[in-house]
Amino acid sequence: MREGGSLGLLRERNRRRVVEFLRRQGVASQADIARATGLSRSTISTLIMELRGAGLINEAADGQNPPTSPPRSGPGGRPPVLLGLDDSAGTAVGIDFGHSHVRVGVANLSHRVTAERRREFSVVHNAAGALDTATEMVAQVLADAAIDRERVIGVGMGVPGPIDRRRGTIGSASILPGWVGLAPSDEMSRRLQLPVEIDNDANLGALAEVYWGAGRGRSDVIYVKASTGIGAGIVLGGELYRGAAGTAGEIGHTTVDEQGPLCRCGSRGCLETVAGGPAVVEQVRRTQADVLTLGAVLERAAAGDPACRRAIADAGLQIGVSMAALCNILNPELIVVGGQLSEAGELLLEPLRESLRRYAVPAAAESVSVVRGVLGERAEMLGALALVLQATNRFLSERITALGRGEARKGPRVFRQASA
Ligand SMILES: [Zn+2]
């Protein structure tokens, strides 16, 4: 049956609101959906019946994993029935290339990770080998989850280095020597015969924390990855903000000291030169020559070493200065700090908050909380999955339109696919 007129448009708009809410939330009860959309319980019941009938949503087998919210109970203490987008609506694949590992996972559209594998591999120097390994692992996780490749709507991918998003190539010879000039997403897409989208680690970390971690359910969040480099992923209105050239969030290369040391980016006194991993290690090494890695600094700081604690606290203060400027401009509700330096916990976060109190306008400083990321080394793979989940807008929209026209569903994919 074809729906027409203003009533048809209203129904379609309401269906979109329900599907859009579930797309962001993963799973929710009927009461949650009513609350979030402001629609009456009876309207929601009708919409859910239609959407279930069309195979777009279904009862979720269980909650998301990793579980981060406390178990909920409905009236009479029974847990409420949770709804999510149906498995048939599609499957997302996520690939994370670390320096020395490859991690691959599969998730359904109700944000449930159904299979995951990790393998040690020297990624930095052997691009082709890493891409082949990932190709093999994708086949394995799809088999683990009993998912047919036809159901995959997109593949998200992260690499441990800067990406030129417009060309899709790796930008830095010093960071990823084996990958220079390569377009990893095209290479991966050709191997998998699936559409692949690539992004940097800070953006992936931001998406992961918003979908699964410390920022779950929040819409204006800045994720700071503080490791060797310092980068931020910016989520505004629930969507990743990348800017005109994809460089949004490069806070590591904002100037904090005009007379400071030269930076690998060619500028001087960048945040990274005073608060990045190597800078923290370098400061400690002036008095403790045997400290060679950020891991060693973190270990000694945890054991109470005053110089190591001071170096980490000062990095927190400096990161906070840059974050204060970002808070004045964007007014986020939450800052999530991830990356190796965040293992220092409050030792890093409290000085960061102190800088926000000192340098951000009071209203911006008071409205933002600063927490540590909770996803650890799974953050990038989960973010790669979320990259696909975030791109399902258009795909779901087409299915809802088809539903209004009474057409059978078809399965478009969410990203462009490289030709064979
Ligand atoms: Zn720089």
Side-chain angles (χ1 to χ4, degrees), residues 98-99 124 158-177 179-181 198-206 222-234 240-286 292-295 297-298 311-330 332 335-342 344 348 351-352 355-356 359-360 373 380:
H99 283 272
V124 175
V159 291
I163 301 142
D164 181 333
R165 258 187 75 88
R166 282 177 299 186
R167 295 189 192 86
T169 52
I170 300 289
S172 167
S174 57
I175 300 173
L176 275 179
W179 293 65
V180 173
I198 194 167
D199 216 323
N200 67 47
D201 50 0
N203 283 347
L204 294 182
I222 296 176
Y223 172 82
V224 188
K225 181 166 180 180
S227 288
T228 304
I230 300 172
I234 300 168
L240 199 57
Y241 177 77
R242 296 191 176 94
T247 68
E250 281 288 356
I251 59 158
H253 300 285
T254 51
T255 307
V256 293
D257 177 6
E258 274 185 49
Q259 314 299 325
L262 274 174
C263 179
R264 64 188 168 112
C265 74
S267 185
R268 195 179 269 287
C270 294
L271 176 61
E272 205 174 284
T273 65
V274 297
V280 172
V281 174
E282 185 53 37
Q283 287 166 53
V284 172
R285 273 172 57 83
R286 282 179 206 149
L292 299 175
T293 63
L294 186 56
V297 175
L298 288 162
I312 291 168
D314 285 352
L317 276 174
Q318 290 287 0
I319 295 169
V321 173
S322 296
M323 293 310 292
L326 210 48
C327 282
N328 283 354
I329 296 162
L330 299 175
I335 293 173
V336 180
V337 185
Q340 197 183 3
L341 205 52
S342 75
L348 179 81
L352 200 162
S355 280
L356 292 183
Y359 301 112
E380 283 84 7

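Atoms within a ligand are numbered from 1 in the order they appear, just like the ligands themselves. Keep in mind that this is a model prediction, so the values were computed, not measured.
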Might you point out which heavy atoms bring A344 and I312 nearest each other, and give the distance in Å?
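So the two residues come closest at CB-CG2, 3.6 Å.
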
Shortest non-hydrogen separation from I222 to A232 and the atoms involved
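That closest heavy-atom pairing would be CG2-CB, 4.1 Å.
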
Within a strict 4.5 Å, meaning less than it, do heavy atoms of the R264 and H253 side chains meet?
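Side-chain contact under 4.5 Å: yes.
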
Compare all side-chain heavy atoms of S322 with those of V256 and state whether any distance is below 4.5 angstrom.
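Yes, side chains in contact.
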
N/O donor-acceptor pair under 3.5 Å between R268 side chain and E258 backbone
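Side chain of R268 to backbone of E258, a donor-acceptor pair under 3.5 Å: no, none is there.
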
State the CD1-SG distance between I230 and C270, to the nearest 0.5 angstrom.
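Those atoms lie 10.0 Å apart.
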
Please list, in chain and residue-number order, the protein N/O/S atoms closer than 2.8 Å to the Zn ion (ligand 1).
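The answer, once waters are left aside, is H253 ND1, C263 SG, C265 SG, C270 SG.
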
